[in-house]
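This report concerns only the one structure given below.
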Amino acid sequence: MSMSVVHRPSLALEDRAAALSAFFERAGEAPRLIAYDEDLGCPLDQALSAIEWTVTVGILRDDDLVHAARLGAESAAAVIERYGDDGHRTFVFLGPRMDARPVDPMEGVVLFDQPGVRAYAFAERAPALGHFLRATHGVGAMVSLLSRRAPMMLHVRRWLGEVLRAPVPERSTTLLAGWFATTGGGLLFGPRLTGEPFRYDEVGSAPE
């Protein structure tokens, strides 16, 4: 059965409480990412190009689970959960070499070190997230919180792209929260200017 993209609610919400309430109600139990620093959010100006580049060159895979991410204008960093051919689970920090500080060898090991990007592998989520936050200071970062599992890269790519490409009134590019599931996704954006509303945009699929 083929699926078509359906654009669902686009809501303008006047205050933070109403915006977060609408987001969590629509997200339900879906995997989600939430801004580490709500005042900064996560700028999405370069989001699609950064994601597509990392997937194209093989740094990220569609079946990776995204536990944390930062998409900056000049660099990106992430913590992903990945399963090997033997079924063994590993948490991997990926980031630019300038941000990837040395890691405690008791926590993680160097996975690869190439021009422009360095990766560390961790056995547990907490040390991987700790290293991510030390390296990025949480600036412009999103973290998987308040959901039973992290979003899959495949769904993040698809629904983030659909929402950002959909024709909507002007909005900020500062993401405060996003949920990403098999059948749809929703993004909550902060106000463009003080006094302007928050905005929630959702997109999903329906059988053709």
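Numbers for residues simply follow the sequence, beginning at 1. Since we're looking at a predicted model, the values are computed, not measured. What you see below is based on every heavy atom in this structure, not just the backbone, and it leaves out hydrogens, waters and symmetry mates.
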- Message: If I take atom CG from residue Asp62 and atom CZ from residue Arg158, how far apart are they, to the nearest 0.5 angstrom?
- Response: 12.0 Å

- Query: Does Ser21 reach the main-chain N or O of Ala17 with its side chain, forming a donor-acceptor pair under 3.5 Å?
  - Reply: no

- Under the criterion side chain to side chain contact (heavy atoms under 4.5 Å, CB included), which of Leu145, Val92, Val79, Leu33 is the partner of His67? Val79

- Item | Salt-bridge contact Arg16-Glu38 (side-chain N to carboxylate O under 4.0 Å) | yes

- Compare every heavy atom of Ala22 with every heavy atom of Leu13, then report the nearest pair and how far apart it is. CD1-CB, 4.0 Å

- May I ask you to test the Arg32-Phe180 pair for a side-chain heavy-atom distance under 4.5 Å? no

- Message: Would you say Met152 ends up clustered with Trp159 if hydrophobic residues are merged whenever their side chains have heavy atoms under 4.5 Å apart, either directly or through other cluster members?
- Response: no

- Just how far is it from atom CZ of Phe189 to atom OG1 of Thr173, taken to the nearest 0.5 Å? 8.0 Å

- Sequence neighbours left out, what passes side chain to side chain donor-acceptor pair (under 3.5 Å) with Arg89? Give chain and number order. none

- Residues clustered with Val6, ILVMFWY side-chain links under 4.5 angstrom: none

- Heavy-atom closest pair, residues Thr174 and Gly41: CG2-CA, 3.6 Å

- Task: Drop me the distance from Met142's CE to Arg70's CZ, to the nearest 0.5 angstrom.
- Result: 14.0 Å

- Query: What about Val156 and Leu44, same hydrophobic cluster or not, with Ile/Leu/Val/Met/Phe/Trp/Tyr joined at side-chain heavy-atom distances under 4.5 Å?
  - Reply: yes

- To the nearest 0.5 Å, how far apart are CZ in Arg118 and CG in Leu94? 12.5 Å

- Query: Can Tyr83 be reached from Leu154 by stepping across I, L, V, M, F, W or Y side chains whose heavy atoms are under 4.5 Å apart?
  - Reply: no

- Message: Students often mix this up, so state it plainly: with edges at 30° and 60°, are the rings of His131 and Phe122 parallel, tilted or perpendicular?
- Response: tilted

- Note on the structure: One should read off an interatomic distance between Leu188 CG and Arg199 CZ, to the nearest 0.5 angstrom, of 11.0 Å

- Under 4.0 Å between a Lys/Arg side-chain N and an Asp/Glu carboxylate O for Arg125 and Glu81? no

- Query: Should Val5 and His7 be marked as a side chain to side chain contact (heavy atoms under 4.5 Å, CB included) after you check the CA-CA gap, both sets of side-chain angles, and the distance that decides it?
  - Reply: CA-CA 7 Å; Val5 173; His7 294 284; 4.2 Å; yes

- Task: Taking the side chain as every heavy atom from C-beta outward, state whether Pro127 and Phe93 have any pair of such atoms under 4.5 Å apart.
- Result: no

- Query: If Ile, Leu, Val, Met, Phe, Trp and Tyr residues are connected whenever their side-chain heavy atoms lie under 4.5 Å apart, and connections chain through other members, are Leu11 and Phe198 in the same group?
  - Reply: yes

- Quick one: does Trp179's side chain have a donor or acceptor within less than 3.5 Å of a partner on Leu187's backbone? no

- Nearest heavy-atom pair of Arg8 and Ser205: which atoms, and what distance? NH2-O, 3.3 Å

- Can any side-chain N or O of Ser172 pair as donor or acceptor with the backbone N or O of Gly190 at less than 3.5 Å? yes

- Are any of the side-chain heavy atoms of Ser144 and Pro151 separated by less than 4.5 Å? yes

- Message: For Val66 versus Met153, what's the shortest heavy-atom pair and its separation?
- Response: CG2-SD, 3.7 Å

- Task: Can you measure from CZ (Phe132) to NE2 (His137) and round to the nearest 0.5 angstrom?
- Result: 11.5 Å

- Would you call Asp201 and Arg171 a salt bridge, using N to O less than 4.0 angstrom? yes

- Query: If you look at every heavy atom in Ser147 and Ala30, which pair is closest and at what distance?
  - Reply: CB-O, 3.7 Å

- Message: Starting from Leu40, can I reach Leu176 by hopping between I/L/V/M/F/W/Y residues whose side chains sit under 4.5 Å apart?
- Response: no

- Query: Got Ile34 and Leu146 here, is their nearest side-chain heavy-atom distance under 4.5 Å?
  - Reply: yes

- Message: Tell me if the CD atom of Glu124 is crowded by more than 12 foreign heavy atoms within 6.0 Å.
- Response: no

